[in-house]
Amino acid sequence: MHADSRCLLSVHGYQQVKACRIPCEKVTDLLDLIIQRGPEAARGLLKLLKEHALQETFPMLCFIKDLQINTVSSGINKRKRKTPDPREIIPCKQICKKGSCLVHEKQLMTVARTIGKCWREIGRLALEISSVKLEQIEEDNSIHVERVFAMLRYWSTCQREKATAAHLHSLLSQGDWALPPESIDFLLETK
């Protein structure tokens with residue numbers, strides 16, 4: 001665990017987090033322990049989360065790159081958090097661009113049900129997801145379809161506005177990993 005290598009946790013704290021098997025509880029425990037250790041540990045965690053390797057592995061944390069630190073204890077407002085530009089925020093509703101809407105979770109789950117044991121190969125070759133991320137997805141999800149769904153959702157998050165149903169169809173219909181057309185052609189249907 002990166003937090004342990006940075007001495008952000010005590011040995012006992014590290015063992016407590018490591019022993020936890022449920023990912024969301026593991027994160028909660030980690031944050032609780034960091035908060036208990038004080039502002040220096042919190043700053044250390046923020047610095048760790050801003051690193052390129054972690055940003056690449058966890059793209060949903062991209063907002064942390066722009067996060068500014070406010071120190072309440074000193075009374076000095078060192079930096080303020082950058083307010084996101086409304087044009088950068090992708091609304092939850094479907095965005096259509098050039099006739100192709102962003103893929104939504106229902107479509108991702110339907111595709112996930114069609115992908116078999118070759119899901120890692122599809123992840124690496126078609127979706128260009130790192131092996132490290134695929135291993136993390138496998139560790140976090142014990143059910144096959146949930147693993148594949150998590151992989152597809154990760155791809156969608158990384159692609160942002162490029163995560164269209166048509167783009168996903170294109171990626172999954174090429175190469176040695178190509179899925180049968182009848183299992184993914186629904187992605188090209190307009191609604």
Side-chain angles (χ1 to χ4, degrees), residues 1-2 17-31 49 51-65 84 86-191:
M1 177 184 280
H2 296 287
V17 172
K18 187 176 175 186
C20 189
R21 294 285 170 223
I22 301 169
C24 64
E25 289 179 12
K26 189 177 278 202
V27 171
T28 302
D29 285 354
L30 172 65
L31 292 175
L49 294 175
E51 289 184 2
H52 178 73
L54 284 173
Q55 288 285 315
E56 192 173 82
T57 304
F58 304 102
M60 298 272 304
L61 294 176
C62 66
F63 71 94
I64 289 180
K65 289 186 288 190
R87 294 169 295 191
E88 294 175 3
I89 299 172
I90 299 174
C92 293
K93 292 185 178 181
Q94 304 303 315
I95 296 176
C96 288
K97 187 175 183 179
K98 297 182 183 172
S100 186
C101 290
L102 287 180
V103 68
H104 51 79
E105 289 194 350
K106 185 176 178 182
Q107 291 171 311
L108 294 177
M109 182 53 85
T110 304
V111 171
R113 289 183 180 132
T114 68
I115 297 176
K117 293 180 180 179
C118 65
W119 71 278
R120 285 180 214 83
E121 180 183 7
I122 289 172
R124 284 185 203 101
L125 299 175
L127 307 177
E128 297 180 354
I129 298 173
S130 71
S131 295
V132 172
K133 182 61 182 176
L134 292 172
E135 288 170 14
Q136 178 197 2
I137 288 170
E138 186 170 15
E139 186 177 308
D140 292 347
N141 300 278
S142 58
I143 300 169
H144 173 77
V145 72
E146 291 297 328
R147 286 176 178 163
V148 179
F149 175 74
M151 173 186 73
L152 292 169
R153 195 172 61 195
Y154 174 78
W155 170 84
S156 175
T157 301
C158 291
Q159 293 296 306
R160 297 177 170 246
E161 68 277 353
K162 295 178 191 167
T164 63
H167 185 209
L168 181 59
H169 181 278
S170 172
L171 294 173
L172 297 178
S173 60
Q174 302 174 36
D176 295 336
W177 58 83
L179 297 176
E182 63 273 8
S183 67
I184 58 172
D185 280 351
F186 73 92
L187 291 169
L188 299 177
E189 297 170 6
T190 56
K191 297 194 177 192

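Numbers here simply count residues along the sequence, with the first being 1. Below, each value reflects all heavy atoms present in this structure, side chains not excepted, and no hydrogens, waters or symmetry copies.
Separating the CG atom in Leu188 from the CG atom in Leu168 is a distance of 10.0 Å, to the nearest 0.5 Å. From Ile122, atom CD1 reaches atom CG of Asp176 across 11.0 Å, with rounding to the nearest 0.5 Å. Taking CG from Leu125 and CG from Leu171, the interatomic distance works out to 11.5 Å, rounded to the nearest 0.5 Å. Taking CD from Glu121 and CG from Leu127, the interatomic distance works out to 11.5 Å, rounded to the nearest 0.5 Å. Put simply, CG on Leu187 and NE2 on His167 are 12.0 Å apart, with the number rounded to the nearest 0.5 Å. For the atom pair CG of Leu172 and OG of Ser183, the computed distance is 8.5 Å after rounding to the nearest 0.5 Å.
With hydrogens and angles disregarded, no donor-acceptor distance shorter than 3.5 Å links the side chain of Glu135 to the backbone of Val132. The closest donor-acceptor contact from the side chain of Thr157 to the backbone of Arg153 lies under 3.5 Å. In this structure, the side chain of Gln174 engages the main chain of Ser170 through a donor-acceptor pair within 3.5 Å.
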Exercise answer: donor-acceptor pairs, residues 108-119 side-chain atoms, under 3.5 Å, sequence neighbours excluded:
unit_1	atom_1	unit_2	atom_2	d
Thr110	OG1	Lys106	O	2.9
Thr114	OG1	Val111	O	2.7

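Shortest non-hydrogen contact noted between Leu102 and Glu161 is CD2-O, 3.6 Å. Summarising the geometry of Ile184 relative to Ser173, their closest heavy-atom pair is CD1-CB, 4.0 Å, with the distance given to 0.1 Å.
Heavy atoms of other residues, nucleotides or ligands lying less than 6.0 angstrom from CD of Glu128 number 12 at most. In this structure, Glu182 places its CD atom where more than 12 heavy-atom neighbours from other residues, nucleotides or ligands lie under 6.0 Å away.
In this structure, the salt bridge (Lys or Arg N to Asp or Glu O under 4.0 Å) partners of Glu138, at least two apart in sequence or on a different chain, are Arg120, Arg147.
With contacts defined as side-chain heavy-atom distances shorter than 4.5 Å, the pair Tyr154/Met151 does not qualify.
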